[in-house]
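Working notes, structure below.
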Amino acid sequence: MIYFNEKTLEFHLTNQAMSYVFRVMDQTGTLEHLYYGSTIPHYNDFSFLIEREIRPSNNQVWGNNLTSLEHVKQEYPVFGTTDFRYPALDVEYPEGDHISQFVYQSYRIFTGKKVTGALPGTFGEKDEVEVLEITLKDHYSDLLLVLTYHLYMDEPVLTRQAKLINQGQQAVSLHQLASLSVDFPKGNYEWLHLNGAWAREAHLTREAVHLGVQHVSSTRGHSSHMHNPFLALCQPDTTEKQGEAYGFSLIYSGNFLAQIERDNYDVVRVQLGINPFQFNWQLKAGETFESPEAVMVFSESGLNGMSQTFHRFFKKHLIRSPWKDKKRPVLINNWEATYFDFTEEKILEIVDEAQQLGIDLFVLDDGWFGHRNSDTGSLGNWTENRAKLPHGLKNLSEKIHEKGLLFGLWFEPEMISNDTELYDQHPEWVLGQPDKNISHGRNQFVLDFGNPAVVEHIFEQMTQILSNVEIDYIKLDMNRYISEAYSNMLAANQQGEVCHRYIIGVYDLYERIVKNYPEILIESCAGGGARFDAGMLYYSPQIWASDDTDAVERLSIQSGLSMLYPLSTMGSHVSAVPNHQVARVTSLEMRKHVAMFGTFGYELDPTKLTSKEKKAVKQDILDYKRYQELICSGDFYRLETTDENQVAWMVVSQDKNEALVGYYQILARPNPSYERIRLLGLAKEKEYSVSEGDKKTVRYGKDLETIGLILNENYIGREQEYWSRTMPGDFHSRVFHLTAR
Ligand code: DGJ
């Protein structure tokens, strides 16, 4: 429900689970933020929420001592009118100044949300989402600022977006247009974010919000391995299971900024949007610029509550692929099996073996095109490599389909190698200043996807393959960072637009693929998880989580991603040992137990498995398929463990009649303590049969939550077994399946 009080000019956006209140300030016409959190009753007058002290040493916008914006919690702050914190909007005017003052003009309330324009976003029917659109006008120019709030009715979710319209006669330079800005009152806050590097993405960090500015961001052209366009704010006593949490996610895959600023009066400002670093957009007369959309989630049931809301919300209102609710095929990808070194014969051997194992889909990764036998060339030449595949892709796909498997293919559309005809014909299509050095990354250069002709050309090339070969799945990769963001197509004063135009071009390509080949399952990827973000999920229902396939490493990566991304979006595969990234040897069982909490697959050469392993893999695939529905549609919980040596995950079906628990112990300890894992999300009064392989016990939901699963053995009466027991050793995992009786 969205209330507007004509008298007090207050807006109250509220549903069963959250309230958000702001008002128009009488003297300045600025929007003042009043409240965000748990649902509160609607008041005819929210003025009791206004906090205003007379403080010496402030600048006043006008007249009296009460018009300083320095201590006002604002909805969408600008710099240059007495607030000295970081702004949400930064416009440079033709005169060279950055002084804006946006004054409230009007509002509009309507229902339903569609995605229009060049950026991905959320969608909802008329009975699912209510929209508030507020228009403000710049006191000094003909710029209009439109702030949009989408209140989803059945979830504690609000999404926000900003739009700047130039109704004047002259261009302005837009340096920043944040997607959201929220000022929180004084409190004891901590913040969470995901960080890492290649092969160790999405590690969760939780730290105190300190005075001053702290942020995570990307300047690399995509959301990056280093940080994720996400942050959460919570209290020190918020746990997985209880307490308040506010989650913020940006639906964007390019350079972003997620920033927190705690000022000297302890007001905490959270902002999310395109990274203003070197961003400079020429907003010409008559033009409009739209920010990406940002999602705000409020939880009163801890971090799991926040994550589950994100999961449900993304599945229902962001991911649009017809695959989103379908069972995903169990795939095998040849990358770690062969790298570039494969022949048609070798591929068919892998496929034969995969068929025996019960795998559904074979994915041919990098190396099938041009003359690509290493990572030194051929990107941008998307024609099949007949030296490797003498009978061509079409024939290969037919053979694979005849064997009953689906066929998938890898592309890296945004890249170009300097040994291609395309590079010779169109050197101006490469990002970089031609008179200066242009760095390569993995021996490749970045195509200027901000240029529509480039997108058109690459799509045309892809079409030749996608329309002539029966392809069921594509993996779209992106393996380097943008270092010299310069486009030959743009004027000197537009070079600050390159990175944003680039990502719009990427979205354009994805959109064309989705529209023209709606049945193809897309898995996006960027050197592993460098573009694991909500923007990509709009086009691809699954994303390759990391190039690190080691089961232990994946515990941190998948736990981190699960903060906001559903399990059904996480590409996770069983690979060979010793693992190719860390040389660790883990059991096949543990690798399976980790990979099954995601979109399950294999990334190894099945012809090299022993017959015992093949037998196990066959069974593992059957087991996974048995639980697949539960894993992909159930509620996911990160369970609390007593130390960092252990990780535990759980999925509970919507009707609470079935659950799966994964327990992982990293290193073995001598003479260990007793361990219990308290479960979550079960029906307290229900009796569950808990099975681990052949072992079965019966327990009530209530005591599984309060006492937990007891993980140690009970040797009373079987003392002699103690001396002959098999020790599980390092990297040990267990899976428990629960069914209500
Ligand atoms: C990076 C991806 O993450 C890998 O899975 C693989 O596709 C390689 N690129 C191929 O170059």
Side-chain angles (χ1 to χ4, degrees), residues 196-202 220-226 228 253 331-342 347 350 361-382 385 388 407-417 419-420 440-447 462 465 471 473-482 506 521-533 536 540 542-550 553-554 557-558 561 569-576 579-582 591 595 598-605:
W198 173 78
R200 54 180 170 82
E201 300 89 339
R220 293 165 189 260
H222 54 26
S223 45
S224 91
H225 296 106
M226 283 66 195
N228 199 277
S253 314
L331 68 80
I332 187 158
N333 177 305
N334 74 308
W335 178 240
E336 287 198 12
T338 63
Y339 294 103
F340 296 102
D341 187 15
F342 60 83
I347 293 300
I350 293 179
L361 160 69
F362 170 77
V363 180
L364 183 58
D365 209 281
D366 196 352
W368 59 266
F369 52 93
H371 51 265
R372 188 153 164 104
N373 292 313
S374 69
D375 67 5
T376 53
S378 296
L379 293 165
N381 173 6
W382 299 106
N385 181 339
K388 275 184 178 170
F407 177 54
L409 196 62
W410 178 96
F411 288 93
E412 193 178 0
E414 297 152 63
M415 295 296 147
I416 183 157
S417 307
D419 64 348
T420 53
H440 72 85
R442 208 198 189 200
N443 308 302
Q444 63 201 46
F445 300 90
V446 188
L447 281 169
M462 291 178 76
I465 306 275
I471 291 182
Y473 159 112
I474 49 175
K475 177 174 171 190
L476 299 178
D477 204 347
M478 195 284 192
N479 282 299
R480 64 157 287 183
Y481 309 127
I482 296 177
V506 173
L521 170 60
I522 304 178
E523 177 152 350
S524 76
C525 171
R531 213 153 56 183
F532 206 121
D533 56 57
M536 280 294 136
S540 60
Q542 60 193 60
I543 303 177
W544 182 226
S546 175
D547 274 353
D548 196 335
T549 54
D550 171 63
E553 291 297 310
R554 279 295 187 119
I557 295 169
Q558 292 175 208
L561 289 173
T569 65
M570 283 179 218
S572 55
H573 301 166
V574 172
S575 61
N579 171 267
H580 292 201
Q581 292 76 39
V582 290
R591 282 172 275 155
T599 59
F600 188 69
Y602 287 83
E603 183 105 7
L604 45 67
D605 184 347

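Both ligands and their constituent atoms are indexed starting at 1 by order of listing.
- Salt bridge R442/D477: absent, no basic N to carboxylate O contact under 4.0 Å.
- Side chain of R554 to main chain of S546: a donor-acceptor pair is present (N/O by atom type, distance under 3.5 Å, no hydrogens or angles).
- Within the 3.5 Å criterion, the main-chain N or O of W410 finds a donor-acceptor partner in the side chain of W368.
- Taking the salt bridge (Lys or Arg N to Asp or Glu O under 4.0 Å) definition, one finds that D548 meets it with nothing, sequence neighbours left out.
- N334 and D365 form no side-chain donor-acceptor contact under 3.5 Å, judged by distance and modelled atom types alone.
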Run through all N or O atoms in ligand 1 and write down each protein N or O closer than 3.5 Å, as a pair with its distance.
| residue | atom | partner | partner atom | Å |
| --- | --- | --- | --- | --- |
| ligand 1 | 3 (O) | G528 | N | 3.0 |
| ligand 1 | 3 (O) | D547 | OD1 | 2.3 |
| ligand 1 | 3 (O) | D547 | OD2 | 3.2 |
| ligand 1 | 5 (O) | K475 | NZ | 2.7 |
| ligand 1 | 5 (O) | W544 | NE1 | 3.4 |
| ligand 1 | 5 (O) | D547 | OD1 | 3.4 |
| ligand 1 | 7 (O) | D365 | OD1 | 2.7 |
| ligand 1 | 7 (O) | D365 | OD2 | 3.2 |
| ligand 1 | 7 (O) | W410 | NE1 | 3.1 |
| ligand 1 | 7 (O) | K475 | NZ | 3.0 |
| ligand 1 | 7 (O) | D477 | OD2 | 3.3 |
| ligand 1 | 9 (N) | D477 | OD2 | 2.7 |
| ligand 1 | 9 (N) | N479 | OD1 | 3.4 |
| ligand 1 | 9 (N) | N479 | ND2 | 3.4 |
| ligand 1 | 11 (O) | D366 | OD2 | 2.6 |
| ligand 1 | 11 (O) | R442 | NH1 | 2.8 |
| ligand 1 | 11 (O) | R442 | NH2 | 3.0 |

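- W335 pairs with exactly one of F340, F362, F342 by the ring pair (Phe, Tyr, Trp, His ring centres under 6.0 Å) rule, that one being F340.
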